[in-house]
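In this text, all values refer to a predicted model and were calculated from it rather than measured experimentally.
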Amino acid sequence: MPAFEIAQTIRTFGGKLLKLSHKSAELGGLETKLNLYLPPQAEKGKVPVLFYLSGLTCTGDNCAEKGNFINPASKEGLALVFPDTSPRGAGAPNEEDSWDFGTGAGFYIDATSEAYAKHYRMYSYVTKELPELLFKEFGKELDESKVGITGHSMGGHGALTLFLRNPGKYKSVSAFSPIVNPINCQWGQKAFSGYFGADDKSKWSEHDATELISSLGDKAASLPEILIDQGLADNFYPDQLLTKNFEKAAKEAGVKANVRYQDGYDHSYFFISTFAEEHVKHHAKYLKA
């Protein structure tokens, strides 16, 4: 029995965008949806895979439709995976009350608070269940030994933390406007208080890119270069994203981080789509090596 239901197959840039759904064990048995782009090169053999993690309020459709990733991925021969940002329909407390917590705001962690622990397991879903299902179902097209990860805002937080917490799993990493120091911003504090508990902060630092990069030790020198783009007209930049904190920690840790500040650019998909091709090429450099 196939692991995924294919709702739609869309021909684009010589390849195929598949609209997929499946019931997820990690998300408590709920149905979840995603987009998978297979470039034309996948018709002849296995291709590298780039995961894109979306930000607050988004689904797997936003970047697939507006991010300008598919055209450069088609040229480079990279498959793209666009998962959702949270479980949907869990019935957990307060999950529909605000845009920065609950539905559309899973923060790519495994919740430990009792009210959220059954369904809010986006960390294990993205790092384990989803890739295992994809590589089994599309084993002729996807190369599980060549995987990169990127994302935007909350998804940039996800990309960086999943990369740093799983040495060797991802061959490349980048981020757009990432939440790099969530333990010190309102978005992160609200999410972590709900998902982990306000009284027990032992897990907070385990999902904070700035904290993680500061504790790498000897592993720092072996990491591939981290590419980050941050718009200077982004109204979330000063108080929520805290890019300078990560940049400083990376430098002190000896990590190669190319943090580019883009004058005049905001937090939107206009920004992402402008620099998407450069990010795809950054990943291709490592994934096609």
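In this pair, Phe236 and Trp187 present their aromatic rings tilted. The plane angle is within the 30 to 60° band. The aromatic rings of Phe275 and Tyr265 lie perpendicular to each other, with more than 60° between the two planes, well past the 30° mark. In this structure, Phe4 and His22 have perpendicular ring planes: the angle between them is above 60°, well past the 30° mark.
Two residues are said to be in side-chain contact when any heavy atoms from C-beta on lie closer than 4.5 Å; Glu76 and Gln41 fail this criterion. The shortest distance between side-chain heavy atoms of Ile226 and Phe246 falls below 4.5 Å. Considering only heavy atoms from C-beta on, Tyr52 comes within 4.5 Å of His152 through its side chain. Within the 4.5 Å cutoff, the side chain of Tyr269 has heavy atoms near those of the Cys63 side chain. Here the side chains of Trp204 and Ile183 are in contact, with some heavy-atom distance below 4.5 Å. When side chains are defined from C-beta on, Gln186 counts as touching Gln240, because their heavy atoms get closer than 4.5 Å. Between Ser273 and Phe271, the closest side-chain pair of non-hydrogen atoms is not below 4.5 Å. Two residues are said to be in side-chain contact when any heavy atoms from C-beta on lie closer than 4.5 Å; Leu17 and Ile70 meet this criterion.
Taking the ring pair (Phe, Tyr, Trp, His ring centres under 6.0 Å) definition, one finds that Phe107 meets it with His157, sequence neighbours left out. Thr85 pairs by the side chain to side chain donor-acceptor pair (under 3.5 Å) definition with nothing, not counting sequence neighbours. Looking at residues two or more places apart in sequence or on another chain, you find a side chain to side chain donor-acceptor pair (under 3.5 Å) between Asp208 and Asn181.
Within 6.0 Å of NZ on Lys256 lie more than 12 heavy atoms contributed by other residues, nucleotides or ligands. Residue-environment remark: NZ (Lys251) stays at or below the threshold of 12 foreign heavy atoms within 6.0 Å. The 12-atom threshold is exceeded at CG of Asn235, counting heavy atoms of other residues, nucleotides or ligands nearer than 6.0 Å. Within 6.0 Å of atom NZ in Lys16, 12 or fewer heavy atoms from other residues, nucleotides or ligands are found, so the atom counts as exposed in its surroundings.
With 3.5 Å as the limit, one finds a donor-acceptor pair spanning the side chains of Ser124 and Asp110. In summary, the side chains of Ser172 and His282 do not present any donor paired with an acceptor at a separation below 3.5 Å, with no hydrogens or angles considered. Donor-acceptor pairing under 3.5 Å is recorded for the side chains of Tyr123 and Asn166. Judged purely by distance below 3.5 Å, without hydrogens or angles, the side chains of Glu252 and Ser214 never pair a donor atom with an acceptor atom.
Put simply, the residue from Leu80, Val49, Leu18 that forms a side chain to side chain contact (heavy atoms under 4.5 Å, CB included) with Leu36 is Leu18.
Not a single donor-acceptor pair under 3.5 Å links the side chain of Thr103 to the backbone N or O of Glu96. Formation of a donor-acceptor pair under 3.5 Å by the Ser268 side chain with backbone atoms of Phe270 is found in this model.
Outside the 6.0 Å centre-distance limit, the rings of His279 and Phe69 are not counted as a close aromatic pair. Between Tyr120 and Phe196, the gap from one ring centroid to the other reaches at least 6.0 Å.
With Tyr195 as the aromatic partner, Lys190 does not meet the cation-pi criteria of under 6.0 angstrom to the ring centre and within 45 degrees of the ring axis. Taking the ring axis of Tyr108 as reference, the NZ or CZ atom of Arg121 does not stay both within 45° of it and closer than 6.0 Å to the ring centre.
Distance check: Ile10 CD1 to Asn35 CG gives 7.5 Å after rounding to the nearest 0.5 Å. To the nearest 0.5 Å, atoms OG1 (Thr161) and CD (Glu211) are separated by 13.0 Å. Once rounded to the nearest 0.5 Å, the distance linking CD1 of Ile179 with CG of Leu160 reads 10.5 Å. For the atom pair OG1 (Thr243) and CZ (Arg260), the distance works out to 13.5 Å, reported to the nearest 0.5 Å. Note: Met122 CE to Glu26 CD = 10.5 Å, rounded to the nearest 0.5 Å.
Between Lys203 and Glu206 a salt bridge is recorded (basic side-chain N to carboxylate O distance below 4.0 Å). Of the charged side-chain nitrogens involved, none lies within less than 4.0 Å of a carboxylate oxygen, so that Glu5 and Lys19 do not count as a salt-bridged pair. Contact check on Lys136 versus Glu132 returns no salt bridge, with no Lys/Arg side-chain nitrogen under 4.0 Å from an Asp/Glu carboxylate oxygen. With respect to the salt-bridge test (charged N to carboxylate O, under 4.0 angstrom), the residues Lys281 and Glu277 qualify.
Closest non-hydrogen pair, Ile109 versus Ala111, comes out as CD1-N, 3.5 Å. Of all heavy-atom pairs between Gly148 and Leu287, the closest is N-CD2, 3.7 Å.
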Next item on the list: For side-chain hydrogen bond (donor to acceptor under 3.5 Å, both in side chains), just list the numbers for Ser174 and Thr150, CA-CA rounded to whole Å, side-chain angles, deciding distance to a tenth of an Å, and then say yes or no.
Entry: CA-CA 5 Å; Ser174 72; Thr150 186; 2.8 Å; yes
